[in-house]
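To start, the structure under review is shown below, and the notes come after it.
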Amino acid sequence: MAERITGHTELISLLAYPIRHSSSPAMHNEAFAYLGLDYAYLAFEVDNDSLEDAIKGMRAMKFVGSNISMPNKTVVGQYLDKLSPASQMTGAVNTIINHDGVLEGTITDGVGFMEALKDNDIDVIGKKMTIVGAGGAATAIQIQAALDGVAEISIFNIKDKFYDVGVDTVRKINENTACKAQMFDLADTEALRREIADSVLLVNATGVGMKPLEGKTWLPDASYLRPDLIVTDTIYSPAETEFLRIAKQVGCKTMNGMGMMLFQGAAAFKLWTGKDMPIEHMKEVLGISYD
Ligand code: NAD
């Protein structure tokens, strides 16, 4: 008889829509099986309309916790009992931990990105980075980078609904950390060239480069890059975006979003199980190798 799932197995969910493409269920279930932990991780198609009921269900059925992804990250906080400082600062939640009925929200995307840099021997502490994006992932990265000691962060975004989020992030960073943050319109290509020129790291934290914008990039052309610039993308599918393809051609060291995915998951895994995710095994299974 199959023994993997028993009457004792504890459940962890992923609440998002769309979500069937996610690598998280395979990643967490592989780690549970590898370590012999009696948990199961399942994805549920939950959007803003069904989110409150789903959280009530989590409470009633005593789930150990959950991951939260789009479009629920900035909405779920109102249904929880408390928020970590990182979630309070970013206004977003990607992980829920059930402490005996008290649901706490936190966000591990920023930690995940910074850990992935470290794992790939990329050092930005005390240095300057330029990052394009002001949505959930971008904000988490910007706040964590500032808290970790990045000296300067220049943020670019198009003038959509996320632009003001970026302005607010700049204010929070400048008021609460030693990091100097600035906000720019992505249409200001002169500023983009100037800010990239004295940065050690350039990050894409927008959805440009993945479906439905696969094959596209906001980078005007390769002349904005130089070989000693480190270029990273938060996107992991496709593994090589147009942005990273151009950077590789210039000779830049590059990193895609797979490492961030692994380390944000590892941080949540530790919060739920108290155990370290087997990182080297997971890198092998997920096919993560850095350039
Ligand atoms: P979001 O919807 O909160 O933010 C989207 C961002 O993209 C905004 O800054 C928006 O202005 C920008 N944008 C959208 N269309 C644009 C265009 N045409 N030109 C320029 N900018 C545009 O989304 P999010 O959750 O922050 O996700 C952003 C990216 O981060 C996605 O590619 C997602 O896959 C990635 N992500 C990766 C991980 C990981 O673990 N690797 C985790 C979370 C998010």
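We use all heavy atoms of the structure for the numbers below, so side chains are in, but hydrogens, waters and symmetry mates are not. Indexing begins at 1, ligand by ligand and atom by atom, following the structure's order.
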Enumerated ligand 1 atoms positioned under 4.0 Å from heavy atoms of [X]:
{"X": "Val208", "result": "16 (C), 17 (C), 18 (N), 19 (N), 20 (C), 21 (N), 22 (C)"}
{"X": "Gly133", "result": "9 (O)"}
{"X": "Met70", "result": "25 (O)"}
{"X": "Ile235", "result": "32 (O)"}

[X] and ligand 1 - part of the residue with a heavy-atom distance under 4.0 Å:
{"X": "Thr206", "result": "both"}
{"X": "Asn157", "result": "side chain"}
{"X": "Phe162", "result": "side chain"}

**Asked** Is the gap between the ring centers of Phe243 and Trp218 under 6.0 Å?
**Response**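 They qualify: ring centres under 6.0 Å apart.
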**Asked** Between Phe113 and Phe263, does the ring centroid distance fall short of 6.0 Å?
**Response** no
**Asked** Do any nitrogen or oxygen atoms of Asp160 come within less than 3.5 Å of a nitrogen or oxygen of ligand 1?
**Response**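 Between Asp160 and ligand 1 (N or O atoms, distance only) the closest approach is under 3.5 Å.
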**Request:** Give yes or no for whether the N/O distance cutoff of 3.5 Å, strictly under, is met between Gly257 and ligand 1.
**Result:** yes
Whether over 12 other heavy atoms sit under 6.0 Å from [X] [atom1]:
{"X": "Lys128", "atom1": "NZ", "result": "yes"}
{"X": "Lys216", "atom1": "NZ", "result": "no"}
{"X": "Glu190", "atom1": "CD", "result": "no"}

**Message:** Just verifying a value: how many Å separate Met27 CE and Leu262 CG, rounded to the nearest 0.5 Å?
**Reply:** 6.0 Å
Hydrogens and angles aside, do [X] and [Y] bring a side-chain donor and acceptor to less than 3.5 Å of each other?
{"X": "Asn256", "Y": "Asp233", "answer": "no"}
{"X": "Asn72", "Y": "Asp47", "answer": "no"}
{"X": "Arg193", "Y": "Ser223", "answer": "yes"}

**atom 14 (C) of ligand 1 touched by protein heavy atom at under 4.0 Å** = no
**Request:** Take atom 23 (O) of ligand 1 and look for protein heavy atoms under 4.0 Å from it; say yes if you find one, no if not.
**Result:** no
Between [options], which one has a non-hydrogen atom sitting closest to [atom]?
{"atom": "atom 4 (O) of ligand 1", "options": "Ala134, Ala205, Gly135", "answer": "Gly135"}
{"atom": "atom 40 (O) of ligand 1", "options": "Lys159, Lys73, Met261", "answer": "Met261"}
{"atom": "atom 34 (O) of ligand 1", "options": "Lys161, Met210, Lys211, Lys216", "answer": "Met210"}

Among all the protein's non-hydrogen atoms, which is closest to [atom], and how far away is it?
{"atom": "atom 3 (O) of ligand 1", "value": "Gly136 N, 2.9 Å"}
{"atom": "atom 37 (C) of ligand 1", "value": "Thr234 O, 3.2 Å"}
{"atom": "atom 44 (C) of ligand 1", "value": "Ala137 CB, 3.5 Å"}
{"atom": "atom 38 (C) of ligand 1", "value": "Met260 CE, 3.8 Å"}

**Request:** Search all heavy atoms of Lys248 against all heavy atoms of Thr254 and return the closest pair with its distance.
**Result:**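 That would be CE-OG1, 3.4 Å.
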**Asked** Do any heavy atoms of Gly207 fall under 4.0 Å from ligand 1?
**Response**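 Yes.
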**Prompt:** Does Tyr236 have a heavy atom less than 4.0 Å from any atom of ligand 1?
**Reply:** yes
**Request:** Go through the steps for His28 and Trp272 under the test side chain to side chain contact (heavy atoms under 4.5 Å, CB included), then give the verdict.
**Result:** CA-CA 11 Å; His28 285 288; Trp272 296 320; 3.6 Å; yes
**Message:** For the backbone of Ile125 and the side chain of Asp123, can you confirm whether one donor and one acceptor N or O come within less than 3.5 Å of each other?
**Reply:**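 Yes; at least one donor-acceptor contact below 3.5 Å.
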